[in-house]
Amino acid sequence: MCKSWHVIRLRMRTSNLWIPTLREDPSDNEIASYRLMIRAGFIRKLTSGIYSYLPLGLRVLFKIQQIVREEMDRAGAQEVLLPALQPSELWEETGRWQQYGKELVRLTDRHDRHFCLGPTHEEVVTDLIRKEALSYRSLPVTLYQIQTKFRDEIRPRFGLMRGREFIMKDAYSFDADMQGAQQRYKDMYDAYTRIFTRVGLRFRAVEADTGLIGGTSSHEFMVLADIGEEAIASCTACAYAANVEQACTVKPAEGPKTDLPLTKVMTPGVSSVDDVCAFLNCSPHEIVKTLIFVADGRPVVALVRGDHQVNEIKLRRQLGASELHLAGNAVIHEVTGGPSGFSGPVHLAEVEIIADDAVAAMPGCIVGANMGDTHYRHAVLGRDFMARCADIRNAVAGDPCPECGKPLDMDRGIEVGHVFMLGTKYSQAMRATFADAAGNDRPFCMGCYGIGVSRIMAASVEQNHDDAGVVWPVSIAPFMAHVIPVQDQSEAVMTEAVNIHQMLSQGKIETLLDDRSARAGVKFNDADLLGIPYQVIVSEKNLKQGVIEIKMRKTGERITVKKADVTAFFLKEMGGTDTVGA
RNA sequence: CGGGGUGUGGCGCAGCCCGGUAGCGCACCUGCUUUGGGAGCAGGGAGUCGGAGGUUCAAAUCCUCUCACCCCGACCA
């Protein structure tokens with residue numbers, strides 16, 4: 001390679017940027033985004049669920065953060081940086097020191113004081129605000145930060161998707177009344193829509209459960225992907241969409257009940273829904289599953305149709321319980337008098353029974369008889385057993401939409417954002433108040449709003465890649481252009497490549513120059529792996545005709561432009577799309 | 001936490017069943033040739049075989065314990 005290329009030292013060259021690409025897939029994970037980001041030298045794993053960002057990965061992260069900042073600022077939020085290390089006292093005030101459980105990373109200092117590494121910052125901001133003696137005149141206030149969060153995941157998985165340490169943008173709004181809080185919620189919802197559009201994700205906002213954060217309502221922003229950990233129900237006809245945890249089911253009309261008498265049948269060794277179906281030659285929707293739960297220490301019986309699944313969040317809400325789990329065999333025997341696998345609601349007194357609405361609509365059903373190897377046929381709700389009816393199951397594909405009645409679809413999604421209407425949950429618990437117009441202290445109406453910044457990076461790769469590598473959307477790509485001199489031994493080619501690199505850089509087009517002394521095939525393959533949107537190919541062949549070649553990473557399409565027109569080409573490409581979407 | 005799997009130069013793996021003192025591909029270094037889709041030849045450097053203990057004349061290999069990582073599940077923002 002000619003020595004003269006070393007004379008000009010521009011930073012954005014392969015020789016000055018550490019991009020350790022791997023020829024082979026890492027052995028320790030199957031998910032595309034993890035595999036590709038490791039191979040392309042964006043990230044490295046330190047230990048389970050904890051990652052380092054290498055120069056290229058950091059550039060992508062910065063791009064995402066920049067878009068987030070612009071839209072948060074535009075929505076009137078102000079950036080702050082809150083501590084990651086938080087004293088236990090604050091968490092005890094809201095009761096979450098206990099509630100949060102093992103997910104919270106806890107530590108103790110040398111004085112034996114307790115701390116946690118923040119998984120979220122409601123307590124810290126609320127404390128910050130309450131100390132300031134604010135009046136209604138200075139409201140609303142919305143603060144945000146981009147920070148590393150910690151969560152002691154039971155099982156970190158999917159690379160950056162579910163880590164124990166990750167980067168989040170979180171925002172908190174403080175309003176004088178619910179109306180204002182609702183406006184902030186809407187502003188944030190709109191900002192999130194713009195953010196996810198700009199970073200180039202195909203996403204959907206869905207109604208969601210509020211979980212441990214609490215509050216009155218929330219929406220999740222879901223990136224559609226097969227590997228998504230969440231199931232989303234969305235209407236095939238109207239705009240309704242919700243997390244299955246949250247999606248309401250419609251109570252079916254009750255038909256006539258069967259006149260056939262309750263009949264005992266022997267079902268030796270047959271207890272699962274599938275086995276019972278096969279044995280009695282019936283279908284799952286003729287069976288009722290009886291599940292015994294323990295809710296805040298007391299046993300509860302839940303009934304759902306054989307082809308449905310209990311939704312524990314809905315059930316817990318119905319019971320008004322804070323803690324709910326499936327009962328063990330001992331409790332099952334105590335409650336039903338029979339073995340696990342043959343439970344049923346018939347002759348169960350003294351225990352609360354709650355049936356799904358779909359069970360109420362059945363003319364009669366097959367249920368366990370609370371003794372070994374025995375079931376009942378023709379059990380009728382209201383005649384053979386009593387139960388309170390409610391929506392306690394997960395929606396399934398084909399269920400009618402709660403808004404319009406048309407069938408629901410099921411998709412999988414990755415949660416990249418979540419907005420919560422908190423109301424006064426934290427402000428009341430922590431006595432965070434402001435003076436209203438009459439001079440009285442009133443608790444703030446709050447909202448909180450999170451975006452998984454590092455998760456966006458993974459989700460983006462998940463949605464945008466092919467067999468050869470990553471295909472970054474222009475808005476978050478580490479570079480816009482990747483200049484590839486094909487013959488590194490040719491002085492003419494290298495001179496021209498350096499020229500183009502300089503020209504583009506001066507035109508504010510972020511450009512990476514592959515100045516390695518490597519064979520063309522190596523450079524092309526690495527370029528495809530890195531996924532920079534435009535490859536600018538400089539070769540002897542093209543130079544003879546005074547042109548250079550541009551390959552679009554996404555489509556593989558190649559065009560040639562005159563040397564002098566390269567910058568103009570990019571300015572035109574960028575002008576057309578601004579930074580918004582692709 | 002339950003089930004399954006894997007730990008051997010930087011990366012990917014073989015060797016383990018049947019003990020005999022570590023090998024392959026890629027990467028790296030040197031030289032020559034080569035040069036539009038992961039080059040060829042020659043030479044070279046690099047491994048506590050995850051860790052501890054045990055059995056044995058001898059352990060990557062057999063036994064016990066332990067740690068880490070991955071997958072499935074349970075759990076959960």
Side-chain angles (χ1 to χ4, degrees), chain A residues 1 20-31 34-35 38-39 41 44-51 96 99-105 118-122 149-159 161-164 166 168 170 208-215 218 220-222 227-230 243 245-246 312-313 316 323-326 328 413-420 448-452 455 467-469 484-490 493-494 514 516-529 535 537-544 548-549 551 556 558 560:
Chain A
M1 177 174 151
T21 57
L22 265 27
R23 191 179 290 225
E24 287 171 280
D25 280 336
S27 64
D28 61 358
N29 200 308
E30 322 220 307
I31 190 177
Y34 172 83
R35 233 174 42 227
I38 294 280
R39 268 193 65 199
R44 285 286 115 105
K45 183 168 74 180
L46 201 216
T47 183
S48 179
I50 302 179
Y51 297 87
R96 291 209 296 181
Q99 254 180 50
Y100 224 97
K102 292 181 177 162
E103 298 256 300
L104 197 58
V105 179
T120 177
H121 282 70
E122 283 80 13
K149 305 286 188 181
F150 301 86
R151 198 168 288 162
D152 192 354
E153 288 287 345
I154 280 184
R155 177 148 102 87
R157 62 183 117 180
F158 300 147
M161 216 67 91
R162 177 166 289 259
R164 294 191 288 176
F166 51 97
M168 249 183 100
D170 49 326
D209 180 57
T210 54
L212 268 179
I213 304 287
S218 78
E220 288 169 327
F221 289 78
M222 294 285 201
I227 58 120
E229 296 186 83
E230 306 290 338
N243 191 311
E245 290 177 348
Q246 181 73 13
E312 293 191 22
I313 290 168
R316 185 164 48 200
E323 200 268 345
L324 181 77
H325 61 87
L326 271 171
I414 300 162
E415 180 195 352
V416 288
H418 203 156
V419 293
F420 298 84
C448 78
Y449 319 92
I451 286 183
R455 193 181 264 190
D467 290 346
I484 303 168
V486 173
Q487 293 89 8
D488 61 73
Q489 75 292 348
S490 154
V493 167
M494 290 309 287
D514 190 344
R516 292 176 299 175
S517 170
R519 300 173 67 83
V522 173
K523 292 185 181 181
F524 288 142
N525 280 308
D526 269 354
D528 287 347
L529 220 208
Q535 295 171 16
I537 301 164
V538 183
S539 70
E540 285 178 324
K541 178 174 84 185
N542 292 333
L543 242 36
K544 278 183 193 141
I548 63 107
E549 180 182 339
K551 176 187 162 186
R558 292 161 193 272
T560 53

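Bear in mind the structure is a predicted one, so any value in this text is a computation, not a measurement. Each chain gets a letter, A, B and so on, in the order the sequences are listed, and its residues count up from 1.
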Partner nucleotide of [N] by Watson-Crick or wobble geometry (both distances under 3.5 Å):
N     : result
B/C69 : B/G5
B/A59 : none
B/C41 : B/G31
B/U64 : B/A52
B/A46 : none

Task: Presence of salt bridge, A/Arg516 and A/Asp488, under 4.0 angstrom - done: no

TODO: Using side chain to side chain donor-acceptor pair (under 3.5 Å) as the criterion, list what pairs up with A/Asp28, not counting sequence neighbours.
DONE: A/Tyr34, A/Lys45

Open item on the list: Between the base of B/C76 and the side chain of A/Arg162, is one N or O donor paired with an acceptor at under 3.5 angstrom?
Closed with: yes

With rounding to the nearest 0.5 Å, note down the distance linking [atom1] in [X] to [atom2] in [Y].
X        : Y        : atom1 : atom2 : result
A/Arg164 : A/Asp152 : CZ    : CG    : 6.5 Å
A/Lys523 : A/Ser517 : NZ    : OG    : 7.0 Å
A/Gln487 : A/Glu540 : CD    : CD    : 4.0 Å

Report, one pair per line, the protein and nucleotides 66-68 of chain B atoms (nitrogen or oxygen only) whose separation is under 3.5 Å.
none

Find the distance [X]:[atom1] to [N]:[atom2] and express it as a whole number of Å.
X        : N     : atom1 : atom2 : result
A/Gln487 : B/U34 : CD    : C1'   : 13 Å
A/Glu229 : B/A74 : CD    : P     : 12 Å
A/Lys102 : B/A74 : NZ    : P     : 18 Å

Identify whether any heavy atom of [X] sits under 4.0 Å from a base atom; if not, whether one sits that close to sugar-phosphate; answer base, sugar-phosphate or nothing.
X        : result
A/Glu245 : nothing
A/Phe166 : nothing
A/Asp170 : nothing
A/Arg558 : base
A/Glu230 : base
A/Lys551 : base

- [ ] Kindly indicate whether the side chain of A/Asp528, heavy atoms from C-beta on, has any atom under 4.5 Å from the side chain of A/Gln535.
- [x] yes

- [ ] Taking the side chain as every heavy atom from C-beta outward, state whether A/Asn243 and A/Asp209 have any pair of such atoms under 4.5 Å apart.
- [x] no

- [ ] Name all residues meeting the salt bridge (charged side-chain N to carboxylate O under 4.0 Å, His left out) criterion together with A/Glu103; count only those two or more places apart in sequence or in a different chain, and write none if there are none.
- [x] none

Task: For A/Arg316, salt bridge (charged side-chain N to carboxylate O under 4.0 Å, His left out) partners two or more places apart - done: none

Task: Closest-nucleotide ordering on RNA chain B, the 5'-leading residue of A/Asn29 and A/Ala520 - done: A/Ala520

TODO: Starting from the 5' end of RNA chain B, give me the residue, A/Gly159 or A/Asp209, whose nearest nucleotide shows up first.
DONE: A/Gly159

Pairwise [atom1] distance for [N] and [M], with rounding to whole Å:
N     : M     : atom1 : answer
B/U64 : B/G23 : C1'   : 29 Å
B/U61 : B/C18 : C1'   : 10 Å
B/U6  : B/G50 : C1'   : 11 Å

Task: Base-contact (B) and sugar-phosphate-only (S) positions in nucleotides 2-13 of chain B, heavy-atom cut-off under 4.0 Å, - elsewhere - done: ---------BSS

Open item on the list: Can you tell me which nucleotide in B/C71, B/G37, B/G38 comes closest to the side chain of A/Arg39?
Closed with: B/G38

- [ ] Measure from the side-chain heavy atoms of A/Phe524 and tell me the nearest of B/C76, B/C71, B/G37.
- [x] B/G37

- [ ] Using only side-chain N and O atoms of A/Lys45, determine if any of them is under 4.0 Å from OP1 or OP2 of B/C70.
- [x] yes

Open item on the list: Taking 4.0 Å as the cut-off, does a side-chain nitrogen or oxygen of A/Arg519 come that near to OP1 or OP2 on B/U35?
Closed with: no

TODO: Can you sort out the partners of A/Phe150 under ring-ring contact (aromatic ring centres under 6.0 Å, His included), two or more places apart, ordered by chain and number?
DONE: none

Open item on the list: Testing the basics here: between A/Glu122 and A/Cys448, what is the closest heavy-atom pair and its distance to 0.1 Å?
Closed with: OE2-SG, 3.2 Å

